[in-house]
Amino acid sequence: MSAAEPQKKQTTQLTPPADATAPVRHPEAPAPGELLGAHYDRCFGCGGEQPHGLHLEARAGEGVRVSAEFTVKEAHQGAPGLAHGGVLTTALDETLGSLNWLLHAIAVTGRLETDFLRPVPVGTVLHLDAEVTAVHGRKIYSRAEGRIGGPDGPVAVRAQAVFIEVKVEHFIDNGRPEEIRAAMADPDQLRRARAFEVNP
């Protein structure tokens, strides 16, 4: 290939390869029903210190599943009175990222594909459910859906994703130094470790 020819981009496939394995819940994973809490207070998805964030709360489920709820507020609008599609994608991504706590894996989103099936009005509680479907090397395959009107209501959004397992150095090498230093200096050892557990 000459220097003038464009380089082909490699796309992460959402379908696990044939030799992928079933996910295994880590023996020290949070118990089913346990609230997972924010991994980082300033996270737009789950952090309590973001005034316009989603404040999404996820709970561990059975197997390698989590459930979560997110209330669409006025700050989350796209079209008048309706949730912005990017905000809904963030809610799905946050829920999918929470699955990594059940595997005790540090992982980042490699690819996420969202389908929008119904509009989600402001004031709606979006009920999210996510599960890991397969693992292959560093790749964690997962899917999620968000329902309106209750956990058994109609599906409004769904997503498939691949998360890539990384080392903590990924965050240290790429994050903004002042935030990294502040997180590393937190005297609460558990909160310090959790700040780097997921990057949805």
Roughly how far apart are L54 CG and T90 OG1, rounded to 0.5 Å? 6.0 Å
Taking the side chain as every heavy atom from C-beta outward, state whether L36 and P30 have any pair of such atoms under 4.5 Å apart. yes
About how many Å separate CZ of R59 and CG of D129, when rounded to the nearest 0.5 Å? 14.0 Å
Keeping H136 on the side-chain end and P16 on the backbone end, is there a donor-acceptor pair under 3.5 Å? no
For E131, give me all partners under salt bridge (charged side-chain N to carboxylate O under 4.0 Å, His left out), at least two apart in sequence or on another chain. R65, R143
Give the minimum heavy-atom separation between A60 and V66, together with the two atoms involved. CA-CG1, 4.3 Å
Take V162 and L14 through the test side chain to side chain contact (heavy atoms under 4.5 Å, CB included) and record every step on the way to the result. CA-CA 6 Å; V162 178; L14 291 168; 4.0 Å; yes
Using a 3.5 Å distance criterion without hydrogens, assess whether the side chain of R25 forms a donor-acceptor pair with backbone atoms of V64. no
Could you work out, with side-chain hydrogen bond (donor to acceptor under 3.5 Å, both in side chains) as the rule, every residue matching H84, not counting sequence neighbours? none
When rounded to the nearest 0.5 angstrom, what distance separates CZ in R111 from CD in Q13? 6.0 Å
Does any N or O in the side chain of E94 come within less than 3.5 Å of the main-chain N or O of A91, such that one atom is a donor and the other an acceptor? no
Verify, without hydrogens or angle tests, whether T114 (side chain) and A159 (backbone) share a donor-acceptor contact under 3.5 angstrom. no
Close side-chain approach of L88 and V120, heavy atoms under 4.5 Å: yes
Which heavy atom of V122 sits nearest a heavy atom of E74, and at what distance? CG1-N, 3.9 Å
Counting only N and O atoms by type, is there a donor-acceptor contact under 3.5 Å from the side chain of H127 to the main-chain atoms of F70? no
For the backbone of V72 and the side chain of T124, can you confirm whether one donor and one acceptor N or O come within less than 3.5 Å of each other? no
Single-linkage hydrophobic cluster I148~F116, side-chain heavy atoms < 4.5 angstrom: yes
Can you name the one residue among D115, L56, L126, V157 that meets side chain to side chain contact (heavy atoms under 4.5 Å, CB included) with L92? V157
Determine whether more than 12 heavy atoms belonging to other residues, nucleotides or ligands lie under 6.0 Å from atom CD of Q77. yes
Close side-chain approach of I164 and K139, heavy atoms under 4.5 Å: yes
Could you grab the distance from atom OH of Y141 to atom CG of L96, nearest 0.5 Å is fine? 14.5 Å
Looking at A130 and A144, what are the two nearest heavy atoms and their distance? CB-CB, 3.7 Å
Minimum-distance pair of heavy atoms, taken over all atoms of W101 and G37: CH2-O, 3.7 Å
Using modelled atom types only, decide if a donor and an acceptor are shared between the side chain of R147 and the backbone of G153 within a distance under 3.5 Å. yes
Does NE2 belonging to H52 count more than 12 external heavy atoms closer than 6.0 Å? no
So, do H26 and L103 sit near enough that their side-chain heavy atoms are less than 4.5 Å apart? no
I'd like to know if the side chain of R138 reaches the main chain of E165, judged simply by a donor and an acceptor atom lying under 3.5 Å from each other, with no hydrogens or angles considered. yes
In one Ile/Leu/Val/Met/Phe/Trp/Tyr side-chain cluster, 4.5 Å: V108, I106: yes
Minimum-distance pair of heavy atoms, taken over all atoms of E62 and P32: OE2-CB, 3.6 Å
Between G123 and T71, what is the shortest heavy-atom contact and its length? O-CG2, 4.3 Å
